[in-house]
There are 2 protein chains.
Amino acid sequence: MGVTIKDVAKAAGVAPSTVSRVIADNPRISPATKKRVRKAMKELGYHPNVNARSLVNSSTQAIGVVMPSSADKALQNPFFPEVLRGISAVAHDLEYSLLLSTGETEDEILEGVQRMVYGNRVDGIMLLYSRINDKVTQFLQEKAFPFVIVGKPCQDADRISHVDNDNVRASKEITEHLIELGHENIAFIGGSPDLAVTIDRLNGYREALIQHGMSVKEEYIIHTEFLKSGGRKAVHELFSLDLPPSGLVIADDLMALGVVNMLEEFGLYVPEDISIVSFNNVYLSEITRPPLTTVDIQIYELGSQACKCLVEKVKNKDEPAKRIIIPFRIKHRFSTQLKGEATTKEA
Amino acid sequence: MGVTIKDVAKAAGVAPSTVSRVIADNPRISPATKKRVRKAMKELGYHPNVNARSLVNSSTQAIGVVMPSSADKALQNPFFPEVLRGISAVAHDLEYSLLLSTGETEDEILEGVQRMVYGNRVDGIMLLYSRINDKVTQFLQEKAFPFVIVGKPCQDADRISHVDNDNVRASKEITEHLIELGHENIAFIGGSPDLAVTIDRLNGYREALIQHGMSVKEEYIIHTEFLKSGGRKAVHELFSLDLPPSGLVIADDLMALGVVNMLEEFGLYVPEDISIVSFNNVYLSEITRPPLTTVDIQIYELGSQACKCLVEKVKNKDEPAKRIIIPFRIKHRFSTQLKGEATTKEA
DNA sequence: CTGAAAGCGCTAACAT
DNA sequence: ATGTTAGCGCTTTCAG
């Protein structure tokens, strides 16, 4: 159905191999023939068949992007479209295609990944999450298949290329912001404790408290899967404590948004009654009421750097493992307030 | 690097062609040899090379998924991860891979699509948006490349397979809900007027008004790109009118969420001061305050049906063009109120 | 029921 | 600077 290299060769009066060389812009072809061949390609509407090419150089010019399980609502986090934008931009630039893989369960995801690598569909893989005891990571490591993680590997961090923020420092700083505002009872709400990102952010929170001579209480730390009924219960309990917190460090903007709304149900307002800070600086955090004070982790950059890094690794197998830390910055908005400050609600 | 069909053949003491037939589960191979060959495959850890296979039968077992431009914030709409979930589920089932394509500009997107089809990377393409004068659609039609649209084609709707909701009816019904509640001044806020979905929803709104003897005023219809500064201005103007609306039909949950918050800034509360209804029933619409009355369009179903439809078309080139309408249902929640009803704010 | 051989579209030695 | 040839891993006639 398509026009092949032979057709072009015939039309240009050269051998197929010459055409191939023209495609690769081989310097040993005379400018004259190059021009002639290119003209023929144009006229015939020739486009190389990537499968044929992949077959011979066993390289696909495609990378696989692995999303976390779609079972929980995690996938709905605007984090993903935003990393994808970053990834996509450099992939497009470098002329790489993107294979996407998700699944409801961990096993489904693993299957998807295996299909990609065993079938020679991709040259490298990018993981958009990092959790402990992850089968996908293990599989990729065993096979020594090129991959990079967006986030921090839970093991062998110095042998796995990854691009991440310094989440513990970010968390420490944003917690300190709350402390500086005079809050003395600060709780932490995070996602699954299996996720590297949750662990780091929790640790930063802990460090801040300890360094400021505050005790870290276990009942102030709650883990919840993105605000299902279980999440509501946990938050409810937190505010039923004898000494409820007046400040909240929440590991994710979307969660924060849910918490704000839930709190309102209980008659508690942000920031008048309680100050919250969160992470990611997703678009939603700007337009919600109140606009959220959050740490901007530069999601787009995370994605684009990861893609660049992966392609380098793919092109040069013995590129060393890299760790790339994307700087964060705190976005001060309106979800925090000096502890005990007179209420300024104007509505 | 990989174990090939020849290795398996040798190990099983058969010819490569036999192995190939075993893979295809050809009935003319004796059960005995099948078993023997399968055993050899297992032992050697054989996995077919899809590129080789693609090359010979010019079929890739992959489909391309085209997202709209990532330039505006549209991509951040949870609609997309949710369709993707649906698509992904059936793709996984049918053993198809997903190639993803986006871009900042329309041309970038077109380039991506061309790379997919010219390079023989995919067997079919799924468009996740529908806008008038879309180059991608035109390209695909010219090339007679198999594709389906999630949404309604702006042209040749009977020649292009698509899966959609009856958006005009949905919009009519939800507008009527507002009318039944006693609202007499109802405005419409939608996205780009180039999008099929905006057009349909606007038309449904119009129909409802007309059918109920209400006049449709142009100053009550506003189009805004997902709440940028321009959007704020438009909403502001709307509520500066001599006769501001008491009801709002908003073409998208996410937009609705933005509007609710913006309104609050102006000192207007939902639903006490103004009732709003929207579309999509995205997860966010449940957890926001107030929970939104919205039409559930069954996004997941939209995706899974579209994928099924595309694969059928891909497998059988002269499958007729289909139109699949996914039923909607209205989710009644708390963003609407009887016009003039006593305020019941309990906070 | 199974094997031999050709060929999918392209690249990469190896010639010339 | 260009042509010839072999072969990537697989499927598919065509024989037997």
Side-chain angles (χ1 to χ4, degrees), chain A residues 1-41 44-62 95 115 117-123 315, chain B residues 1-38 40-41 44-62 95 115-123 315:
Chain A
M1 201 196 103
V3 19
T4 82
I5 210 171
K6 282 187 190 165
D7 303 322
V8 177
K10 205 164 292 171
V14 297
S17 52
T18 303
V19 178
S20 176
R21 286 190 264 254
V22 172
I23 295 169
D25 203 17
N26 188 317
R28 306 186 319 193
I29 298 290
S30 79
T33 21
K34 269 190 188 173
K35 186 176 278 182
R36 199 150 37 89
V37 170
R38 293 225 173 87
K39 183 156 161 270
M41 300 199 302
L44 299 185
Y46 169 76
H47 291 273
N49 181 323
V50 273
N51 295 119
R53 188 184 292 197
S54 295
L55 186 55
V56 18
N57 21 258
S58 49
S59 126
T60 58
Q61 291 275 103
E95 312 216 273
R115 269 233 307 277
V117 346
Y118 284 139
N120 282 82
R121 285 184 186 276
V122 297
D123 294 340
K315 289 195 171 160
Chain B
M1 201 197 104
V3 17
T4 82
I5 212 172
K6 280 187 190 166
D7 302 322
V8 177
K10 203 164 293 172
V14 297
S17 51
T18 302
V19 178
S20 175
R21 287 190 262 252
V22 173
I23 294 171
D25 204 15
N26 187 316
R28 307 186 317 194
I29 296 291
S30 78
T33 18
K34 269 190 187 171
K35 187 176 279 182
R36 201 148 38 89
V37 171
R38 294 223 172 88
M41 300 199 303
L44 299 184
Y46 169 77
H47 292 273
N49 181 323
V50 274
N51 294 119
R53 187 183 292 195
S54 295
L55 184 54
V56 16
N57 23 255
S58 49
S59 126
T60 58
Q61 292 274 103
E95 312 217 89
R115 269 234 307 276
M116 295 202 280
V117 346
Y118 284 138
N120 283 84
R121 286 183 185 275
V122 297
D123 295 339
K315 288 195 172 161

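Quick caveat, the model's predicted, so the values are computed rather than measured. Lettering follows sequence order; numbering is per chain, from 1.
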Quick check on DNA chain D: between A/L55 and A/S30, whose nearest nucleotide comes earlier from the 5' end? A/S30
Would you indicate whether the side-chain heavy atoms of A/N26 and A/K34 approach each other to under 4.5 Å? no
Please report, rounded to the nearest Å, how far the P atom of C/dT2 is from the CG atom of B/N26. 10 Å
Measure the distance from CD1 on A/I23 to C1' on C/dT11 and round it to the nearest whole Å. 10 Å
Which residues, if any, of residues 7-19 of chain B bring a heavy atom under 4.0 Å of DNA chain D? B/S17
Heavy-atom pair of closest approach, residues A/A9 and A/P16: CB-N, 3.6 Å
Do A/I23 and A/Y46 touch side chain to side chain, with heavy atoms closer than 4.5 Å? yes
So which nucleotide from C/dT11, D/dT11, C/dT2 ends up closest to the side chain of B/T33? C/dT2
Among C/dC10, D/dT11, C/dC14, which is the nearest nucleotide to the side chain of A/Y46? C/dC10
Counterpart residues, side chain to side chain donor-acceptor pair (under 3.5 Å), relative to B/N49 (two or more places apart): none
Take the protein atom CG of A/N51 and the nucleotide atom P of D/dC8, then report the distance between them rounded to whole Å. 18 Å
CG of A/N57 versus P of D/dG7: gap in Å, rounded? 17 Å
Taking only side-chain nitrogens and oxygens of B/T4, does any of them come within less than 4.0 Å of OP1 or OP2 of D/dG9? no
Looking at D/dT11, C/dA12, D/dT2, which one has an atom nearest to any side-chain atom of A/R28? D/dT2
Between A/M41 (CE) and C/dG9 (C1'), how many Å, whole number? 15 Å
Calculate the interatomic distance between B/K6 atom NZ and C/dA5 atom P; express it in whole Å. 13 Å
Count the heavy atoms of every other residue, nucleotide or ligand shown that sit under 6.0 Å from NZ of B/K10, and state whether that count exceeds 12. no
Nucleotide nearest A/R21 when distance is taken to its side chain, options C/dC10, D/dT12, C/dC14: C/dC14
Are any side-chain N or O atoms of B/E95 and backbone N or O atoms of B/Q61, one a donor and one an acceptor, separated by less than 3.5 Å? no
Roughly, in whole Å, what's the span from CD1 in B/I5 to P in D/dG7? 18 Å
Nearest whole angstrom, please: distance from the P of C/dC1 to the CZ of B/R36. 14 Å
Please tell me which of the listed nucleotides, D/dC10, C/dG9, D/dT2, lies nearest to the side chain of A/A52? C/dG9
Report yes or no: do A/S30 and A/T33 form a side-chain donor-acceptor pair below 3.5 Å? yes
